[in-house]
Amino acid sequence: MTTALAQLRVNPELRALRSAFNVLDPKHADKITASQLGHHVRHVLGSGVSPGELKTMLSEVDVDGSKSISFSEMVLYLCFCAIDPKVGGSGRITLDSLATACENLGCDTLNNVRTLKAMIRMADPDKLRVVGLRRFVHALSFIDLDSVPLTP
């Protein structure tokens, strides 16, 4: 087992996220469907959501078009939200917001202008100097958290 995989396997935050995901995925199909998401929003949070609103919520996170949310998609979505600095989210990551996130996380080796610009360029082929959710997840799609065994 690689060191990175071993670290992911015992990471308490990632394990907690997997537990939360499993609550939303009671059939253990490794995906959350619109119906499961709707059930959770309506019954657990006590909020009424229309089918159209559910479809919009799902499409925000479902970047591979499978009409469901995988564990990797959920984690990358939460990472994107953590980097996107505005309350309610601006829907984009800028060089400044990425620098702030790296600083807050203590990623000293990444937190220099040259590295951060390279990271933005990698996910921004249109050279808009901002990265939206779909581009962010696409750029990090090589991270396959769905296959990481998160057991003690």
Side-chain angles (χ1 to χ4, degrees), residues 4-5 7-107 110 116-151:
L5 180 59
Q7 288 175 338
L8 281 176
R9 186 180 169 129
V10 297
N11 182 290
E13 290 85 5
L14 198 55
R15 291 176 68 195
L17 287 173
R18 177 52 103 167
S19 292
F21 182 86
N22 289 343
V23 168
L24 297 171
D25 176 28
K27 295 180 182 177
H28 303 290
D30 287 331
K31 63 183 179 180
I32 300 168
T33 64
S35 125
Q36 290 165 329
L37 182 61
H39 171 79
H40 180 72
V41 170
R42 280 189 300 276
H43 293 97
V44 176
L45 301 177
S47 175
V49 181
S50 73
E53 289 170 318
L54 273 176
K55 185 177 178 182
T56 299
M57 291 166 76
L58 188 72
S59 71
E60 283 293 311
V61 184
D62 175 29
V63 295
D64 67 2
S66 66
K67 302 211 184 311
S68 62
I69 300 169
S70 69
F71 180 62
S72 289
E73 287 172 328
M74 183 186 86
V75 171
L76 290 174
Y77 175 75
L78 294 172
C79 290
F80 181 87
C81 291
I83 297 170
D84 185 3
K86 298 203 166 134
V87 175
S90 67
R92 59 193 183 131
I93 294 173
T94 64
L95 184 63
D96 290 340
S97 63
L98 186 57
T100 299
C102 285
E103 183 179 324
N104 292 341
L105 293 170
C107 300
L110 294 176
L116 295 174
K117 282 184 176 179
M119 291 168 72
I120 294 286
R121 272 194 312 272
M122 178 183 80
D124 178 32
D126 299 330
K127 297 180 173 55
L128 299 173
R129 296 189 182 141
V130 296
V131 177
L133 174 62
R134 289 193 181 279
R135 293 279 170 99
F136 177 81
V137 175
H138 179 72
L140 297 173
S141 62
F142 66 91
I143 301 172
D144 181 17
L145 295 174
D146 297 306
S147 62
V148 175
L150 297 171
T151 57

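Start at 1 with the first residue, then count along the sequence.
Between Leu76 and Phe71 the shortest side-chain heavy-atom distance does not fall below 4.5 Å. Within the 4.5 Å cutoff, side-chain heavy atoms of Ile69 are placed close to those of Met74. At least one side-chain heavy atom of Ile83 sits under 4.5 Å from a side-chain heavy atom of Phe136.
Rounded to the nearest 0.5 angstrom, Leu116 CG and Arg121 CZ are separated by 10.5 Å. Note that the CD1 atom of Ile120 and the CG atom of Asp96 stand 9.5 Å from one another [nearest 0.5 Å]. Note that the CZ atom of Arg135 and the CZ atom of Phe80 stand 12.0 Å from one another [nearest 0.5 Å]. Distance CD/Gln36 to CG/Leu58: 10.5 Å, rounded to 0.5 Å. Here the CD1-CG distance, from Ile32 to Leu37, works out to 7.0 Å after rounding to the nearest 0.5 Å.
With sequence neighbours left out, the side-chain contact (heavy atoms from CB on, under 4.5 Å) criterion links Ser66 to Asp62, Asp64, Ser68. In this view, Tyr77 satisfies the ring-ring contact (aromatic ring centres under 6.0 Å, His included) rule with no residue, not counting sequence neighbours. Residues forming a side-chain contact (heavy atoms from CB on, under 4.5 Å) with Ser72 (at least two apart in sequence, or on another chain): Ser70, Asp144, Leu145, Asp146. Here Ala123 pairs with Val131, Ala139 under the side-chain contact (heavy atoms from CB on, under 4.5 Å) rule; sequence neighbours left out. In this structure Val130 satisfies the side-chain contact (heavy atoms from CB on, under 4.5 Å) test together with Arg92, Thr94, Leu128, sequence neighbours excluded.
Residue pairs satisfying the salt bridge (charged side-chain N to carboxylate O under 4.0 Å, His left out) criterion with at least one member in residues 19-30, sequence neighbours excluded, are listed as follows: Arg18-Asp30.
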